[in-house]
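This structure is a prediction, so every number in the text was calculated from the model and none was measured.
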Amino acid sequence: MTEKEKMITGEHYSAVDATLIKDRRRAKNLLHRLNITEYRITKKAREIIQELIPNTGDKFYIEPPFHCDYGYNIYCGENVYFNVNCVVLDCAPITIGSNVFFAPGVHLYTATHPLDAILRRTHESALPITIGDDCWIGGNSVICPGITIGKGCVIGAGSVVTKDIPENTLAVGNPAKVIRKLNQ
């Protein structure tokens, strides 16, 4: 199994693998063009976004600056919006439903590291993130590796999501806790 296959499937992998370095460099070059050269959402910026994140539905929108590791592990439904300064560490797949809105400064982290200090020197791993339809993720929230957020959820600003969130709920805090059911 290649290091890239190990990364995507959640096994320990070496991030200094030549293929992964090449893939990250490609993403960084596209992000530089999006975040620096274009900055405004123009026809050219939309082309860059489509090349960087090809697995999206219609009405996919990013407000630069935006950062990700690879881009190709981000899968989005229709009408997904990322506001400014979002960071998406997409070492494992990130699946985002339709009508999902990310406020400024949201971070999605699939990347994680072994607790064993010796193994951590050479390897890391990643766990997928899933966000259901019709969610709103508040500003400066962090979604940790392996998390599933059900459809219809609202995550309050500044929350750190460390456990799965059931559908149609409001979750806030650090760590995020469900505080009530939402009317759907």
ask   = Are Ile118 and Arg121 close enough, and set up right, to give a side-chain contact (heavy atoms from CB on, under 4.5 Å), and what steps lead you there?
value = CA-CA 5 Å; Ile118 303 302; Arg121 292 177 187 174; 3.5 Å; yes
request  = Apply side-chain contact (heavy atoms from CB on, under 4.5 Å) to the pair Arg46 and Thr42, showing each step before the final yes or no.
outcome  = CA-CA 6 Å; Arg46 284 184 182 86; Thr42 61; 5.6 Å; no
Verdict with reasoning, Ile131 to Thr148, per side-chain contact (heavy atoms from CB on, under 4.5 Å) = CA-CA 6 Å; Ile131 300 172; Thr148 296; over 6 Å; no
ask   = Which is it for Asp133 and Asn99 under the side-chain hydrogen bond (donor to acceptor under 3.5 Å, both in side chains) test, yes or no, and what are the steps along the way?
value = CA-CA 6 Å; Asp133 294 341; Asn99 304 305; over 6 Å; no
query = What do the steps show when you test Glu51 against Arg26 for side-chain contact (heavy atoms from CB on, under 4.5 Å), and what is the final call?
reply = CA-CA 10 Å; Glu51 186 176 348; Arg26 175 191 166 276; 3.6 Å; yes
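Clustering ILVMFWY residues whenever any of their side-chain heavy atoms sit less than 4.5 angstrom apart, transitively, puts Val88 in a cluster other than the one holding Tyr75. Under the 4.5 Å side-chain contact rule for hydrophobic residues, Val106 and Leu127 do not share a cluster. Clustering ILVMFWY residues whenever any of their side-chain heavy atoms sit less than 4.5 angstrom apart, transitively, puts Leu52 in a cluster other than the one holding Ile21. Both Leu31 and Ile48 belong to a common hydrophobic cluster when Ile, Leu, Val, Met, Phe, Trp and Tyr are linked at side-chain heavy-atom distances under 4.5 angstrom. Placement of Phe101 and Leu170 within a single hydrophobic cluster is found when ILVMFWY residues are connected by side-chain heavy-atom separations under 4.5 Å, directly or transitively.
Distance CD1/Ile179 to NZ/Lys177: 11.5 Å, rounded to 0.5 Å. The distance from atom OH of Tyr61 to atom CZ of Phe82, rounded to the nearest 0.5 Å, is 13.5 Å. Separating the NZ atom in Lys44 from the CG atom in Leu34 is a distance of 11.5 Å, to the nearest 0.5 Å. With values rounded to the nearest 0.5 angstrom, Asp90 atom CG is found 9.5 Å from Leu108 atom CG. Distance check: Ile129 CD1 to Ile149 CD1 gives 8.0 Å after rounding to the nearest 0.5 Å. We find the SG-NZ distance between Cys144 and Lys163 to be 12.0 Å, quoted to the nearest 0.5 Å.
Contact check for Met7 versus Tyr70: side-chain heavy atoms found under the 4.5 Å cut-off. Residues Lys151 and Asp134 are not in side-chain contact: their nearest non-hydrogen atoms beyond the backbone lie 4.5 Å or more apart. In this structure, the side chains of Ile74 and Cys68 come closer than 4.5 Å at one or more pairs of heavy atoms. Residues Met1 and Thr9 meet the side-chain proximity criterion, which asks for heavy atoms closer than 4.5 Å. Using a 4.5 Å heavy-atom threshold, the side chains of Thr19 and Glu3 count as separate. You'll find the side chain of Thr112 reaches within 4.5 Å of the side chain of Ser125, heavy atoms only. Contact check for Phe60 versus Ile49: side-chain heavy atoms found under the 4.5 Å cut-off. Side-chain contact between Val100 and Asn79: absent, with no pair of heavy atoms (C-beta onward) separated by less than 4.5 Å.
More than 12 heavy atoms of other residues, nucleotides or ligands lie within 6.0 Å of NZ in Lys181, so this atom counts as buried by the packing criterion. Around NZ of Lys6, the count of heavy atoms belonging to other residues, nucleotides or ligands within 6.0 Å exceeds 12.
No donor-acceptor pair under 3.5 Å is formed between the side chain of Arg40 and the backbone N or O of Pro64. With Ser159 contributing its side chain and Gly173 its backbone, the two residues share a donor-acceptor pair below 3.5 Å. Between the side chain of Ser98 and the backbone N or O of Gly77, no donor-acceptor pair lies under 3.5 Å. Within the 3.5 Å criterion, the main-chain N or O of Arg33 finds no donor-acceptor partner in the side chain of Glu38. In this structure a side-chain-to-backbone donor-acceptor pair under 3.5 Å is present from Ser141 to Gly156. With hydrogens and angles ignored, the 3.5 Å screen pairs no side-chain donor or acceptor of Arg120 with any backbone N or O of His113.
Contact detail for Ile165 and Cys153: the closest heavy-atom pair is CG2-SG, 3.8 Å. Listed here is the closest heavy atom pair of Pro128 and Ala92: N-CB, 3.7 Å. Across all their heavy atoms, Phe66 and Ile62 have their closest contact at CB-CG2, 3.4 Å. Contact record, Asp58 with Glu78: N-OE1, 2.7 Å, taken as the closest heavy-atom pair. In plain terms, the two heavy atoms of Cys86 and Ala103 that are nearest each other are SG-O, 3.5 Å. Taking each heavy atom of Pro114 and His123 in turn, the nearest pair found is CD-O, 3.3 Å.
For the residue pair Glu11 / Tyr13, no side-chain donor-acceptor distance below 3.5 Å is found, with atom types taken as modelled. With hydrogens and angles left out, the side-chain atoms of Asp23 and Tyr72 include a donor and acceptor closer than 3.5 Å.
In this pair, His107 and Tyr109 present their aromatic rings perpendicular. The plane angle is above 60°, beyond the 30 to 60° band.
In this structure, Tyr81 has its ring center no closer than 6.0 Å to that of Phe102.
Each of Ile147, Asn73, Ile94, Asp69 was checked for a side-chain contact (heavy atoms from CB on, under 4.5 Å) with Thr110, and the lone residue meeting it is Ile94.
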